Amino acid sequence: MSRRTVRGVYRVPVTSQRQPADHGTPAIRRARTGDVRGIRALVAPLAERRVLVSKDAVAYFESLQEFRVAELDGRIVGCGALHVMWEDLAEIRTLAVAADQVGTGLGGRLLEELVQDARDIGVQRLFCLTFETGFFTRHGFEAIEGQAVPTDVYAELLRSYDEGVAEFLDLERVKPNTLGNTRMLRTL
Ligand SMILES: CC(=O)SCCNC(=O)CCNC(=O)[C@H](O)C(C)(C)COP(=O)(O)OP(=O)(O)OC[C@H]1O[C@@H](n2cnc3c(N)ncnc32)[C@H](O)[C@@H]1OP(=O)(O)O
């Protein structure tokens, strides 16, 4: 994947630009179907570096309502998703910021929007699996060892077909995907 794509420069179709972002400050909003190509363009180079997991387009459409995106002048320059796993528990997924926006506070803004979404729907604990331990620690996450759910919930979660849930459960078959990542939890 070229550096061009690493910078996450993908233009949103004009028809989906109902609320254009102000110049200079990306606007964060819920994702729309027209954003999927932009989200994939952001994620692809990070997936190549094994920082994020690569997914097919259909997976993004199916999970679109979990996503918030950051838009700047018609470009998708950030994204992040909230995946509910259980009554009190959700996971932060696919948090990414375009290379030219890293370090501007955008990742923190996206994360805190997702945290608010989590609070709004009754989630009390947020899980993430990441290399970015400093960033998540500064946002109230703590590294955990072992399982974050009791055995009865663990057994229920084993019924999920979601690969991310398999990673949360730390199943043997997905360990190669999570090598070097830290398991972190934030209590809301
Ligand atoms: C659960 C998961 O999704 S794990 C995967 C996480 N994503 C990745 O690893 C993908 C690659 N990384 C990225 O996309 C980004 O680096 C992210 C998402 C991790 C962080 O996004 P950023 O926009 O850089 O975060 P943000 O700017 O809020 O914070 C980063 C630094 O900028 C600093 N910062 C925050 N606001 C500002 C600002 N206005 N001006 C200057 N610096 C700022 C923060 O203090 C922080 O500095 P520190 O790391 O020394 O404490």
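Read the numbers this way: they start at 1 and go in the same order the structure lists the ligands and their atoms. Note that these values count all heavy atoms, side chains included, but never hydrogens, waters or copies made by symmetry. The shown structure was predicted, so the numbers you read here are calculated from the model rather than taken from an experiment.
Annotation: R109 places no N or O atom under 3.5 Å from an N or O atom of ligand 1; distance criterion only. For ligand 1, the polar-atom distance check against L129 finds no nitrogen or oxygen pair separated by under 3.5 Å. An N or O contact shorter than 3.5 Å is missing between T130 and ligand 1 by distance. Considering backbone and side-chain atoms together, V97 places an N or O closer than 3.5 Å to an N or O of ligand 1. Inclusion of V102 in the set of residues having an N or O under 3.5 Å from an N or O of ligand 1 is not warranted.
R183 places a side-chain N or O within donor-acceptor distance of the main-chain N or O of F168, the cut-off being under 3.5 Å. Checking side-chain atoms of D162 against main-chain N and O of V165 turns up a donor-acceptor pair under 3.5 Å.
Checked for salt-bridge contact, D117 and R30 meet the test: a charged N lies under 4.0 Å from a carboxylate O. In summary, E163 and R173 engage in a salt bridge, as defined by a charged side-chain N under 4.0 Å from a carboxylate O. Between R186 and E142 there is no salt bridge, since no side-chain N of the basic residue sits under 4.0 Å from a carboxylate O of the acidic one. Here R40 does not pair with D35 in a salt bridge; the nearest charged N to carboxylate O distance is not below 4.0 Å.
Listed by number with element, the atoms of ligand 1 under 4.0 angstrom from any heavy atom of I92 are 1 (C). Distances below 4.0 Å separate heavy atoms of R93 from the following atoms of ligand 1: 3 (O).
Between F131 and ligand 1 there is no heavy-atom distance shorter than 4.0 Å.
Of all the heavy atoms of L46, the ones lying under 4.0 Å from any atom of ligand 1 belong exclusively to the side chain. Contacts of V51 with ligand 1, taken as heavy-atom pairs under 4.0 Å, involve the side chain alone. Of the heavy atoms in L110, none comes closer than 4.0 Å to ligand 1.
In the model, H83 has a side-chain atom that pairs as donor or acceptor with a side-chain atom of E66 under 3.5 Å.
The heavy atom nearest to atom 40 (N) of ligand 1, out of those in A47, G103, G105, A99, is found in G103.
In this structure, R50 places its CZ atom where only 12 or fewer heavy-atom neighbours from other residues, nucleotides or ligands lie under 6.0 Å away.
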